[in-house]
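Numbers here simply count residues along the sequence, with the first being 1.
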Amino acid sequence: MKIAFVGKGGSGKTTLSSLFIRHLAAARVPVIAVDADINQHLGAALGLDESQAAALPAMGAHLPLIKDYLRGSNPRIPSAESMIKTTPPGEGSRLLRVGEANPVYAACARPVELDDSAVRLMATGPFTESDLGVACYHSKVGAVELCLNHLVDGRGEYVVVDMTAGSDSFASGMFTRFDMTFLVAEPTRKGVAVYRQYSEYARDFGVPLKVVGNKVQGPEDLAFLRDEVGDDLLVTVGHSDWVRAMEKGRPARFAQLEEPNRAALRTLHDTADAAYGDRDWERYTRQMVHFHLKNAESWGNAKTGVDLAAQVDPAFVLFEGAATPQPA
């Protein structure tokens, strides 16, 4: 299951995504955690110190390796250089699975110990001085989108992505890559503004969306969110001494998280699991192709010098049982 956490900056989306990851890990569920925000905070929220977080490999820096691995023997993609962030898989492409070992995970993923379990953590990588004036955010997150396009995951397997703040995710098709999107909103006008943008796009593309109310301090806050987001409000989260200690670098064991907040995480888990029954791999593949053709026409063809529409394999549909060729 592919799960996104979105919201405006400061809404608490990274904190909530890290709590959900900890919850899944405590339940012994296989998890890949992805920090897709160039303001890289997920590692710290999962307990890494500054030096450990800084040492995480940047997916963007390994984009040539990622492209070369994923294209496999796909005859429609003659070179890694011709791939862009939206390139879809086809016959001969290599696919990624949550629990496997592969060169992409070896280069880009690192284990993070969480109490008595562990998750794999991947990160887009932050902006560097060399990026200023010559690169944009989307050049960094493109590696994440490419991996999601080639990811085959099943029931009980989770990829949890902490997305960029605000509505930047709509600049590509990545927002359609998820089985469930949890939008973290504070009970303020600014807090629900991103919801209004996101819900419109989500509705147009059939993207499941639920709101997690954060920093809710009483009945008035709850009533405000219900008035603004209606039935999309799934659950609310209030003050947490456990989170405050975690943010100071002194977290207790996860089992000591307050019961109301643990109950909220169980609701997120149940909601995400329920989304499995609504999976539509044909629509998923169709949307992938739609955004690839859109990006190809607007900038990709000019950048690569090739007709990227030729990369689309019309007979290919991504699905759980899809086979992938192994490295030679």
Side-chain angles (χ1 to χ4, degrees), residues 1-7 13-14 16-37 42 45-46 59 88-89 95-100 102 104-105 108-109 111-112 114 117-123 141 144-163 169 173-184 198 202 205-212 232 234-235 254 262-288 317-322 324:
M1 304 297 289
K2 294 178 283 291
I3 309 298
F5 279 81
V6 301
K13 69 177 180 63
T14 298
L16 265 296
S17 61
S18 72
L19 291 177
F20 187 59
I21 291 164
R22 289 176 184 271
H23 165 84
L24 295 174
R28 296 294 192 272
V29 174
V31 182
I32 294 177
V34 182
D35 192 340
D37 194 332
L42 184 58
L46 292 173
M59 294 179 69
L95 306 177
L96 302 175
R97 287 175 169 78
V98 173
E100 70 179 3
N102 59 54
V104 174
Y105 294 159
C108 302
V112 176
L114 299 173
S117 57
V119 300
R120 282 171 166 165
L121 175 61
M122 304 172 73
V141 79
V144 178
E145 185 168 358
L146 194 58
C147 286
L148 289 177
N149 280 359
H150 291 74
L151 178 69
V152 178
D153 54 311
R155 184 188 290 275
E157 298 177 325
Y158 274 83
V159 177
V160 180
V161 182
D162 180 21
M163 297 281 279
S169 303
M174 195 160 73
F175 75 99
T176 66
R177 303 297 85 204
F178 300 100
D179 298 289
M180 178 59 63
T181 295
F182 292 126
L183 189 146
V184 182
Y198 227 107
F205 286 91
V207 175
L209 174 71
K210 289 296 181 182
V211 174
V212 181
D232 283 341
L234 176 65
V235 71
F254 183 68
R262 291 177 62 83
L265 294 173
R266 289 194 294 269
T267 298
L268 297 186
H269 193 174
D270 291 343
T271 302
D273 274 351
Y276 181 86
D278 296 325
R279 281 187 151 189
D280 184 342
W281 286 99
E282 288 189 1
R283 183 183 69 181
Y284 185 87
T285 305
R286 187 167 61 250
Q287 289 176 342
M288 193 189 313
V317 175
L318 192 67
F319 69 104
E320 281 185 46
T324 182

Is there a side chain to side chain contact (heavy atoms under 4.5 Å, CB included) between His150 and Val104? Walk through the geometry before answering. CA-CA 12 Å; His150 291 74; Val104 174; over 6 Å; no
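Checking side-chain atoms of Arg120 against main-chain N and O of Val34 turns up no donor-acceptor pair under 3.5 Å. Remark: the backbone N or O of Phe254 is paired with a side-chain donor or acceptor of Arg262 at under 3.5 angstrom. Under a 3.5 Å cut-off, the side chain of Thr181 and the backbone N or O of Ala4 do not form any donor-acceptor pair.
The distance from the CE atom of Met180 to the OH atom of Tyr158 is 9.5 Å, given to the nearest 0.5 Å. To the nearest 0.5 angstrom, Leu234 atom CG is 12.0 Å from Leu183 atom CG. Atom CE of Met174 is separated from atom CE of Met163 by 3.5 Å, given to the nearest 0.5 angstrom. Between atom CD of residue Glu282 and atom CZ of residue Phe319 there is a gap of 11.0 Å, rounded to the nearest 0.5 Å. With rounding to the nearest 0.5 Å, the separation of OH in Tyr105 from CD in Glu100 is 5.5 Å.
In terms of heavy-atom proximity, Val6 sits nearest to Tyr198 at CG1-OH, 3.3 Å. Between Val98 and Val159, the shortest heavy-atom distance links the atoms CG2-CG2, 3.9 Å. Here the closest non-hydrogen pair linking Ala275 and Met1 is C-CE, 3.9 Å. Contact detail for Glu145 and Gly173: the closest heavy-atom pair is OE2-N, 3.6 Å. Across Arg28 and Ser117, no two heavy atoms sit closer than the pair NH1-CB, 3.8 Å.
Two residues are said to be in side-chain contact when any heavy atoms from C-beta on lie closer than 4.5 Å; Asp179 and Arg279 meet this criterion.
Using modelled atom types, one finds no donor on one side chain facing an acceptor on the other under 3.5 Å when comparing Tyr276 with Asp153.
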